[in-house]
Amino acid sequence: MSSLKAIIFDVDGTLADTERHGHRVAFNRAFHEFDVPWDWDENMYAQLLAITGGKERIRHYVEHYVAGEEIPTDLTLFTKSVHARKTEIYVDMACRGQILLRPGVERLISDIKDADVRIAIATTTTLANVIALFTATLGLEALDWFEVIGAGDMVDKKKPAPDIYHYVLDKLGLPAHSCMAIEDSANGLQSSLAANLCTVITANAYTRDDNFKGAALVVDGIGTPESPFACLQGNAYGAERVGLPLLSKLLAASHSTIQL
């Protein structure tokens with residue numbers, strides 16, 4: 001079997017804690033600007049995270065939680081307009097340095113780059129959000145580190161469908177068995193597994209209780225020397241941080257399982 005050639009990262013919740021204090025806040029500010037009396041608190045947003053895609057999340061909320069008299073006449077146009085404004089607000093927040101990478105992420109990305117392993121992104125968030133986050137946290141030059149960025153509406157079906165991973169693998173020109181995915185949620189895991197990718201989960205407060213059956217490893221973060229990860233599921237082979245040695249072992253183990 002092939003050795004590890006590329007690592008494909010999800011973004012929201014995986015590379016950065018974007019949801020609670022990023023996207024949720026931006027949605028609420030956009031709702032206020034459009035003069036609708038909606039406010040997504042943390043509990044509501046935790047439920048809405050089951051729906052991938054910002055426009056899809058707004059539509060789901062309207063269809064299931066909003067009284068009939070409050071539903072906009074042209075829901076499609078309203079959803080598109082609110083989401084566009086929400087993206088502008090989020091990008092501004094990211095550019096102002098209000099959204100940070102999770103601990104250990106910058107070190108892991110740097111190690112992967114230095115080892116000449118290819119790096120890609122497979123996310124449902126918009127390309128503008130990705131660019132703003134990376135530029136603010138890693139610097140403008142970091143955009144060149146990611147060979148492929150699959151984002152937003154580049155595919156018809158969003159996670160948990162595997163389309164975005166198929167798109168990225170096709171652009172990389174690599175088979176799934178030589179790549180790994182790093183995700184944070186059950187929807188992301190379903191997407192990557194459907195694309196036959198060995199997957200590591202770095203769970204967060206929103207996703208810690210998700211069903212991660214099929215993941216090669218589930219940890220509570222990338223880990224740092226000061227704060228090693230906690231292994232929640234699987235074999236971490238004695239590692240305390242997610243790094244290339246651990247990822248390579250997990251990929252090799254997944255090949256052995258398939259062969260058996």
Side-chain angles (χ1 to χ4, degrees), residues 7-30 40-46 48-49 52-54 57 83 85-114 119-146 149-152 159 181-185 187-188 200-210 218-230 232 240-244 246-247:
I7 298 173
I8 308 172
F9 287 96
D10 172 53
V11 175
D12 290 330
T14 300
L15 295 183
D17 283 322
T18 58
E19 300 290 8
R20 178 179 282 105
H21 302 301
H23 290 297
R24 185 183 67 86
V25 172
F27 274 119
N28 286 335
R29 290 181 183 173
W40 291 353
D41 62 21
E42 293 190 11
N43 290 331
M44 172 58 70
Y45 198 68
L48 293 173
L49 283 175
T52 54
R57 199 166 292 158
H83 185 258
R85 178 57 185 142
K86 173 262 172 183
T87 298
E88 292 175 348
I89 294 169
Y90 177 90
V91 166
D92 181 66
M93 293 172 66
C95 291
R96 292 173 181 271
Q98 296 176 9
I99 301 170
L100 305 177
L101 297 178
R102 295 180 70 180
V105 164
E106 185 171 1
R107 181 269 307 164
L108 176 59
I109 291 174
S110 179
D111 288 351
I112 296 169
K113 177 176 65 71
D114 290 345
I119 316 174
I121 294 294
T123 180
T124 58
T125 198
T126 64
L127 181 60
N129 290 344
V130 177
I131 292 173
L133 176 66
F134 289 165
T135 300
T137 57
L138 297 172
L140 185 61
E141 68 279 2
L143 294 175
D144 293 331
W145 302 348
F146 299 89
I149 297 180
K159 299 174 185 178
I182 299 183
E183 280 279 359
D184 75 301
S185 69
N187 275 333
V200 170
I201 296 291
T202 58
N204 56 58
Y206 272 131
T207 66
R208 190 181 179 100
D209 295 326
D210 282 5
V218 181
V219 292
D220 67 350
I222 296 297
T224 67
E226 299 77 23
S227 181
F229 63 57
L232 307 178
E240 296 183 332
R241 295 179 289 170
V242 176
L244 283 173
L246 174 57
L247 295 174

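Computed from a predicted model, the values in this text were never measured in an experiment.
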S.K.: Measuring only between side-chain heavy atoms, which start at C-beta, is Trp145 closer than 4.5 Å to Ile112?
M.R.: no
S.K.: If every non-hydrogen atom of Ile99 is compared with every non-hydrogen atom of Ala16, which pair is closest and at what distance?
M.R.: CG2-CB, 4.4 Å
S.K.: Are Thr126 and Val91 close enough that some pair of their side-chain heavy atoms sits under 4.5 Å apart?
M.R.: no
S.K.: Any non-hydrogen side-chain atom of Leu244 less than 4.5 Å from a side-chain atom of Ile7?
M.R.: yes
S.K.: How long is the straight-line distance from OG of Ser185 back to CZ of Arg208, given to the nearest 0.5 Å?
M.R.: 15.5 Å
S.K.: Would you say that Leu48 contacts Arg24 through its side chain, given a criterion of any heavy-atom pair below 4.5 Å between the two side chains?
M.R.: no
S.K.: Between Tyr90 and His23, how do the two ring planes meet: parallel, tilted or perpendicular, split at 30° and 60°?
M.R.: parallel
S.K.: Of the non-hydrogen atoms in Phe9 and Ile182, which two are nearest, and what is the gap between them?
M.R.: CE2-CD1, 3.5 Å
S.K.: Do Arg29 and Met93 touch side chain to side chain, with heavy atoms closer than 4.5 Å?
M.R.: yes
S.K.: Go through the steps for Asn129 and Lys86 under the test side chain to side chain contact (heavy atoms under 4.5 Å, CB included), then give the verdict.
M.R.: CA-CA 10 Å; Asn129 290 344; Lys86 173 262 172 183; 4.0 Å; yes
S.K.: Could you give the distance from CG (Leu133) to OG1 (Thr123), rounded to the nearest 0.5 Å?
M.R.: 10.0 Å
S.K.: Once the angle between the rings of Phe134 and Phe146 is folded into 0 to 90°, is it parallel (under 30°), tilted (30 to 60°) or perpendicular (over 60°)?
M.R.: parallel
S.K.: Tell me the closest heavy-atom pair linking Gly97 and Leu100, and the distance in Å.
M.R.: O-CD2, 3.8 Å
S.K.: Any heavy-atom pair between the side chains of Val105 and Thr202 that's under 4.5 Å?
M.R.: no
S.K.: How long is the straight-line distance from CG of Leu143 back to CD1 of Ile131, given to the nearest 0.5 Å?
M.R.: 6.0 Å
S.K.: How about Thr224 and Arg107: do any of their side-chain heavy atoms sit closer than 4.5 Å?
M.R.: no
S.K.: Let's go through Glu106 and Thr137 carefully: what are the C-alpha distance in whole Å and the side-chain angles of both, what is the deciding distance for side chain to side chain contact (heavy atoms under 4.5 Å, CB included) to 0.1 Å, and is it a yes or a no?
M.R.: CA-CA 9 Å; Glu106 185 171 1; Thr137 57; over 6 Å; no
S.K.: Going by atom types alone, do Asp210 and Thr207 pair a side-chain donor with an acceptor below 3.5 Å?
M.R.: no
S.K.: Work out which heavy atom in Arg241 is nearest to a heavy atom in Leu246; give both atom names and the distance.
M.R.: O-CD2, 3.9 Å
S.K.: Given 3.5 Å as the limit, does a donor-acceptor pair link the side chain of Arg102 with the main chain of Gly13, or not?
M.R.: yes
S.K.: Give me the atom names and distance for the closest heavy-atom approach of Thr52 to Arg57.
M.R.: CA-NH2, 4.0 Å
S.K.: Say you draw a straight line from NZ of Lys159 to OG1 of Thr124; how long is it, rounded to the nearest 0.5 Å?
M.R.: 6.0 Å
S.K.: So, taking the atom named CD1 in Ile8 and the one named CD1 in Ile121, what distance separates them when rounded to the nearest 0.5 Å?
M.R.: 9.5 Å
S.K.: Using a 4.5 Å cut-off on heavy atoms from C-beta on, say whether the side chain of Ile109 contacts that of Leu101.
M.R.: no
S.K.: Counting N and O atoms only, with roles assigned by atom type, does the side chain of Asp12 sit under 3.5 Å from a partner on the main chain of Thr18, one being a donor and the other an acceptor?
M.R.: no
S.K.: Taking all non-hydrogen atoms of both residues into account, name the closest pair between Cys95 and Ala136 and its distance.
M.R.: CA-CB, 4.3 Å
